[in-house]
Amino acid sequence: MRVLCVAEKPSIARSITGILSGGQYSTRNTGNNFVKNYDFDYPQTNSTFTVTCVSGHLTSQDFGEAHRKWNSCDPFALFDAPVETLIPPDKKSIERNLRTEGGRADTLMIWTDCDREGEHIGMEIARVCRKAKPNIVVKRARFSAIIAQQIHHAAQHPIELDRAQAEAVEARILLDLKVGAAFTRMQTLALQRQFAQLEGVLSYGPCQFPTLGFVVQRYNRVKAFRPETFWYIYLSLTRDGEETKFTWKEGHLFDQGGAARIYEIVLQNPRARVIRVTKKDTKKWKPLPLTTVELQKAGSRLLKLAPKKVLDVAEKLYQQGFVSYPRTETDQFDPQFDFMTLIGKQTVDPAWGEFARTYQNGGFGVPRKGKNNDKAHPPIHPTAHAGNLVGDEKKVYEYITRRFLACCSKDAEGSQTTVEVVCGGEDFYPLPLGLIVLQRNYLEVYPYDKWIGHTVPNFQEGEEFDPSVCELREGQTSKPNYLTEADLVTLMDKNGIGTDATIAQHIQTIVDREYVVERMEGAIKYLVPSTLGIGLIDGYNEIGKSFSRLLSFTRLTFLVHQTERRMVQVCERTTTKNDMLQTSLDQYKHMFIIARREFDKVATVGLITHSHSAWKLMVSHRVLGDTLVQVLLEGQEEVEEAVVVEEEEEAVVVVVVVVEMGVMVATARQAEEEEVPLLHAAEVAVVEAALEVQLLLLLTPILKVRAFGMISLTHA
DNA sequence: GCAAGGTC
């Protein structure tokens, strides 16, 4: 019997060949550079095997001729337009290979990843092979890890493809295409009609839009923030020249009178008494096995690489055979995973080799188990030692390796001392708590985690003392920060926006569309929405307000969840693909009709905030020298061409009039129309010079505004 | 000129 095995990607084809053939196989090239055909005998089922693969989805979907061109139809018609499935040119060679090999086989065995998309890819493969050989028997191999025993079991006990899962994916594909295309065309064309100069596409998608929404949501919180004053009792003891600070168990109160009354009572009896000293063993847990999302978060936070970049680098390392498959949701290792061999490969490393050698002598600890398992790939780990890497590849490889070694090491151990103090009837405890680090364990190989010991004086239970300081102090709530890339990855992951493999792409998309600007502050990269981004989200929210929030950003996120739930229902066969598609499409159609009717609001209310005859427009944020500068655009009937530069710290606002010749600093005032001191001439010159250099950068988002025809800005 | 999902 001849069996054709088809995997989802070249790496899996190679691995299962290695396992099933026991290393005895021959290789044939195909018309595609990445795809090889492997031939061998598989006596266990009395068969001849050929293993090959596709490269992800085989087909792509698009509208037919009548709807493909942007101006060929009303965008609304796209919801009911027929969609064609075709094999894109770069996949033709793979299709030809499948036809040739399928024509020769009795059985087709699908070895795609065991997830929804894998089931759909399996159907695509089956369709092509059936064309070449209509009576071919189609089977599916089920495996959850590339481990010899599992792969053999899968080859000998194949199951059937799951049509329901494939159909759920089909519904997703159609929904994404129709909703994305309809809204993108409607938005773009509507604004182009209004503002002829508008360039570029204003894309809309069920993933990119909520992603943008997160950025704008945080931006609004930062903008709306007003510091609040709070009061707390501060206690400290200086003994032998060392100060121990105590934290009030109540934390802090926003009620000054209340705090003052408690403080008065404390003052009546300000002698402190130690009521309890406890020492207990404590641990700092080693990290969980590494998933794609965690790698991207770490990459952004620790390695200062954008999520997309981290994934690209990891992909390269994977192709060179240094790390395992980098797209995985799994944060638990299979119990049979061969840890020791992989750790052994790291013993030659000059930096962590010595530590890797300790694992054989009791240094090994079974990795923690996370909650996720995609049943297709293990957590990301090094597969070989790489000694000659440089730059980003070195950084990412080092992180993956140290993370793996940390997972296989032991939790750090310490001893923590808690001291409870009562003073005037109020409870206090020293902060930081006393900590002695006893065993660093995993921390030795994982410098990304910090755990620093801290001593507290040797207090005795029952001991009394007079605090060195006992005061009612005042503090202020601190301003939230803009969203970092790592924050955004976390939010998307938590809210189910995108997948491990696509989260980075969606972030890239909103940057490419100029909905969001990246801003460095020190070593941290923040994401700040542009005028356009804020305008779109605010605009939709504005419409949402009048229509039971149907279009608000939270609602959009909710729709993504609903779609996901319905997909699960299709998989579980509690609803059909067509019903699910119809329900979802109806929902989006309803949204579309309102959005189009109200779209003027996106253009005006969203992009401009009216205030009397003047209007102000948040544009963007840039660093001017070392100072954070917030740029506002302000127009009045008499001053049409104006830029307002606000220096936040000093609360100085410079109004810059943009004239055809360049930039001129004209006047100064605060955003709230209060009188503030004019800038010194020297400062004006600095601002002027900096603006000249940065004007083009600065004005990029503003030019959008000009394109919208709301103000006629001219720049050199 | 549109989406999001695979993968290279």
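In the text below, chain A, chain B and the rest are named by the order of the sequence lines, each starting its count at 1.
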How about Ser203(A) and Arg513(A): does a side-chain donor come under 3.5 Å of a side-chain acceptor?
yes
Between Thr509(A) and Gln208(A): side-chain donor-acceptor atoms closer than 3.5 Å
no
Indicate, with a heavy-atom threshold strictly under 4.0 Å, whether Glu315(A) touches base, sugar-phosphate, or nothing.
sugar-phosphate
Looking across every strand, which nucleic acid part, if any, lies under 4.0 Å from His120(A) by heavy atom: base, sugar-phosphate, or nothing?
nothing
By the 4.0 Å heavy-atom rule, please label Lys69(A) as base, sugar-phosphate, or nothing.
nothing
Assign Asp62(A) to base, sugar-phosphate, or nothing according to its heavy-atom contacts below 4.0 angstrom with the strands shown.
base
Could you check whether Gly118(A) gets within reach of a base, just the sugar-phosphate, or nothing at all, counting any heavy atom under 4.0 Å?
nothing
What does Asn33(A) touch in the nucleic acid at a heavy-atom separation under 4.0 angstrom: a base, only the sugar-phosphate, or nothing?
nothing
Thr499(A) near the nucleic acid: base, sugar-phosphate alone, or nothing, with a heavy-atom cut-off under 4.0 Å?
sugar-phosphate
Students should find that the nucleotides of DNA chain B closing off the region near chain A, any atom under 4.0 angstrom from a heavy atom, are dG1(B) to dC8(B)
Give the C-alpha distance, both sets of side-chain angles, the deciding distance and a yes or no for side chain to side chain donor-acceptor pair (under 3.5 Å) between Glu329(A) and Asn372(A).
CA-CA 6 Å; Glu329(A) 290 172 38; Asn372(A) 307 293; over 6 Å; no
Checking side-chain polar atoms at under 3.5 Å, does Glu485(A) have a donor or acceptor matched by the opposite partner on Ser300(A)?
yes
Using only heavy-atom distances, determine whether the side chains of Glu393(A) and Gln320(A) contain a donor-acceptor pair under 3.5 Å.
yes
Scan Pro206(A) against the nucleic acid and name what it touches under 4.0 Å (heavy atoms): base, sugar-phosphate only, or nothing.
sugar-phosphate
Do other residues, nucleotides or ligands put more than 12 heavy atoms under 6.0 Å from the NZ atom of Lys395(A)?
yes
Which comes earlier along DNA chain B counting from the 5' end, the contact point of Leu58(A) or that of Phe63(A), where each point is its nearest nucleotide?
Phe63(A)
On DNA chain B, nearest-nucleotide positions of Lys91(A) versus Asn71(A): which is more 5'?
Asn71(A)
At under 4.0 Å between heavy atoms, what does Glu124(A) touch on the DNA or RNA strands: base, sugar-phosphate, or nothing?
nothing
When the ring centroid of Phe79(A) is compared with that of Tyr588(A), is the distance short of 6.0 Å?
no
